[in-house]
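Below, chains carry the letters A, B, ... as their sequence lines are ordered, and counting in each starts from 1. For the numbers below, each heavy atom of this structure counts, side chains included, while hydrogens, waters and symmetry mates do not.
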There are 2 protein chains.
Amino acid sequence: MTSAKKTPTIYDVAKLSGVSITTISRVLNSPDKVNPKTRQQVMDAIDQLGFVPKAEARARAMRYTNRIGVITPFFTAPSFVQRLRGVAATLSKASYELVIYPVDSAEHLQGYISSIPVMRNLDGLIIMSLAIDEKDAQRLVDNAMHTVLIEYSNSLLNSIVINDAHGGRLAAEHLIGKGHKSFGFIGDIEPPERYAIHPVRSRLQGFKEALNEAGIDLSKKYIKQAYYSQENSREAALELLNMSKRPTAIFAASDIQAISIMKVARQLNLRIPEDLAVIGFDDIDMAEYVDLTTIRQHLDDSGRLSAEMVLARINDPGRILQNIHLPLTLIERQTA
Amino acid sequence: MTSAKKTPTIYDVAKLSGVSITTISRVLNSPDKVNPKTRQQVMDAIDQLGFVPKAEARARAMRYTNRIGVITPFFTAPSFVQRLRGVAATLSKASYELVIYPVDSAEHLQGYISSIPVMRNLDGLIIMSLAIDEKDAQRLVDNAMHTVLIEYSNSLLNSIVINDAHGGRLAAEHLIGKGHKSFGFIGDIEPPERYAIHPVRSRLQGFKEALNEAGIDLSKKYIKQAYYSQENSREAALELLNMSKRPTAIFAASDIQAISIMKVARQLNLRIPEDLAVIGFDDIDMAEYVDLTTIRQHLDDSGRLSAEMVLARINDPGRILQNIHLPLTLIERQTA
DNA sequence: AAGTTGGGTGAAAGCACTTTCAGTTTAACA
DNA sequence: TGTTAAACTGAAAGTGCTTTCACCCAACTT
């Protein structure tokens, strides 16, 4: 029965299904652009012939991969997920695939960064919250890999950043405005990861500065280092809240940590915001669920924007470099 | 100043070394057929340009992609993220890339599913919470695409499932054990998406059955349909809690919805669990932060397992099919 | 009824090479 | 020195696929 003497090509499939080779290609590469009925005919023919597109021919003819990559640490932390959501939304519209490169060590990062531009199986790249050095940046531009950085910047590449110190100020000012006099801070000031960038110190600094300007000194013992984990944040919160003169307001460098603090406060029977005000940073989805007052950093938008920027660059490589500063917004809810 | 705009081709090499592209090709493919002097010139040019036959590299890269794909709806909903986290963790260890195909329409899904196995730019595939029909399953196995289904099963493919009805029972039994007599249910019983699978009905059914067995009838008006959004869940909760004889315990078909209910209860000044018990389903990270009692479905583990299964299959294609039932565990915290 | 969209489609022009074939050197031999 | 086979080379014709562009036709506008 098996007639085929040679492996079938799209020309064979085209003949059998009665359409042009163009349509076959389209069924395979952008199925949504072809009429479902036609698509079904083509798929039937493909199945019948056992057609498999030849990788080399494909590679030859394909100038783009229709795929953009995201290199990110902590890719499942809520704030990163929300950025990814923004990225995915715009990529999906433009029918690009999303490849995620989770980074959990410096080697990992270096590996990705050195092989990606050479392998060229990506049309563009988004790098989140990761510091990349001059040499790597240079390699990226040499190999014409369109990339945008988030939370980090480099003169050779597009970037999207926020002003973390200003975020700290916003928090301080809001709390001061509410009449608070004694403050605490909890955040991941000295994270263990060498490869990721660390905006927390800036948030703290802005917070301190604004307090100073209001004549308030935030002494060391009210500043608690806590890793991004729940237990760790909880311990820090406990220490703060068990102090003889405990603060009436706490600024947490991330919403997740703020929520941990709320949990401890609840267990200690402290009312929020009457006994303790809590303010977070990020405005992750969950913040609204728990009515957390926080500094919104427009996570979805940053993702969306970054994707739009790489797409724009792909379509117009001559486009000028951009370094976008995203605003921060205080979102007042119930906790402060 | 920008030097290399694109990767060099044999044309560039030909120009630089002053011979025709034919000769370049020959140097590369049958060096013995070309004059040593000419060959040397060509090699020099090749070195100088850093030329790598592109198609070849691509084709090589494509025969074994080191990449596995995940097709998933709602890819940024917490429960899906947690599964993805499991997947990413094991893939990262095995140094595989993760490609995410977000599905937001039936066409999308059908498109992916028909082109992926044929195009072979993936070594394996994980399909989450999506129903796939016999024909597609058949095509996947015909094309030797190693795939694992999560929350759905098919006799031709590996799968990982949970017993949703049993989860409903667990919730009911726990609540009954706490002495509750009047119950409510909130969940996405009739979701709008045709392409995704819908375990909520089963959860409700198990819940109802267990109540029935305890002699309790869950009447229709205590069963509220609510989409997976915050506002919708809130409305449903409000209706339930404003009833003349309001339930003392509510089972939410997802943690996210349970948390919405908690928010409403807070606004209504209802104490949890004294005035109202709430139990969720999933055990997402956030559940612990807000002390939500819930039915844990081991999300990270299901992701990890699914990745391990496709990896195992890639390394040993003869491996027997598995249909894994993951246990559900009641996690008792503060809300019920 | 005429005009405007816009989805679906095919012809044809790439893509980055390989191969064929005809031609040009070169080397070797008479 | 002329002849000829061998060695080398390039133009052009594939290779199997993707993509651009123009076209058709049906569905809306006005």
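Shown here are the salt bridge (charged side-chain N to carboxylate O under 4.0 Å, His left out) partners of B/D142, two or more places apart in sequence or in another chain: there are none. The side-chain contact (heavy atoms from CB on, under 4.5 Å) check on B/I21 picks up B/I10, B/Y11, B/A14, with sequence neighbours excluded. Every residue two or more places apart in sequence or in another chain that forms a side chain to side chain donor-acceptor pair (under 3.5 Å) with B/S254 is listed here: B/Q257. Checked against salt bridge (charged side-chain N to carboxylate O under 4.0 Å, His left out), B/R313 has no partners two or more places apart in sequence or in another chain. Residues passing the side-chain contact (heavy atoms from CB on, under 4.5 Å) test with A/D133 are A/K135, A/D136, sequence neighbours excluded.
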Donor-acceptor pairs under 3.5 angstrom involving side-chain atoms of residues 39-52 of chain A: please list them, not counting sequence neighbours.
{"unit_1": "A/R39", "atom_1": "NH1", "unit_2": "A/P31", "atom_2": "O", "d": "2.8"}
{"unit_1": "A/Q40", "atom_1": "NE2", "unit_2": "A/D44", "atom_2": "OD1", "d": "3.0"}
{"unit_1": "A/D47", "atom_1": "OD1", "unit_2": "B/R139", "atom_2": "NH1", "d": "3.3"}
{"unit_1": "A/D47", "atom_1": "OD2", "unit_2": "B/R139", "atom_2": "NH1", "d": "2.7"}

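Against DNA chain D, the stretch residues 14-24 of chain A makes heavy-atom approaches under 4.0 Å through A/I21, A/T22.
Atoms CG (A/L28) and P (D/dT18) sit 7 Å apart, rounded to a whole Å. Between the NZ atom of B/K33 and the P atom of D/dA7 there is a distance of 11 Å, given to the nearest Å. When rounded to the nearest whole Å, the span between CD of A/Q40 and P of C/dG8 equals 16 Å. Whole-Å rounding puts the B/D12 CG to C/dA16 P distance at 9 Å. The distance from atom CG of A/N35 to atom P of D/dA27 is 12 Å, rounded to the nearest whole Å. In this entry the distance linking CD1 of A/I10 with P of D/dG14 reads 17 Å, nearest Å.
Every pair passing salt bridge (Lys or Arg N to Asp or Glu O under 4.0 Å) that includes a residue from residues 80-93 of chain B is listed here, sequence neighbours excluded: B/R83-B/E151, B/R85-B/D285, B/R85-B/D300.
Axis deviation across the helix from C/dA1-D/dT30 to C/dA30-D/dT1 amounts to 40°, comparing end segments of five pairs, rounded to 10 degrees.
In this model, no side-chain donor or acceptor of A/R39 finds a partner on the base of C/dG8 within 3.5 Å. At a cut-off of 3.5 angstrom, counting only N and O atoms as typed in the model, there is a donor on one side and an acceptor on the other between the side-chain of A/Y11 and the base of D/dC17.
A 4.5 Å side-chain heavy-atom check between A/V70 and A/V87 finds at least one atom pair inside the cut-off. Looking only at side-chain heavy atoms (C-beta outward), B/E97 and B/I68 stay at 4.5 Å or farther from each other.
Ranked by how close their nearest DNA chain C nucleotide is to the 5' end, A/D32 and B/R26 are led by A/D32.
Closest to the side chain of B/P36, out of C/dT19, C/dG8, D/dC8, is D/dC8.
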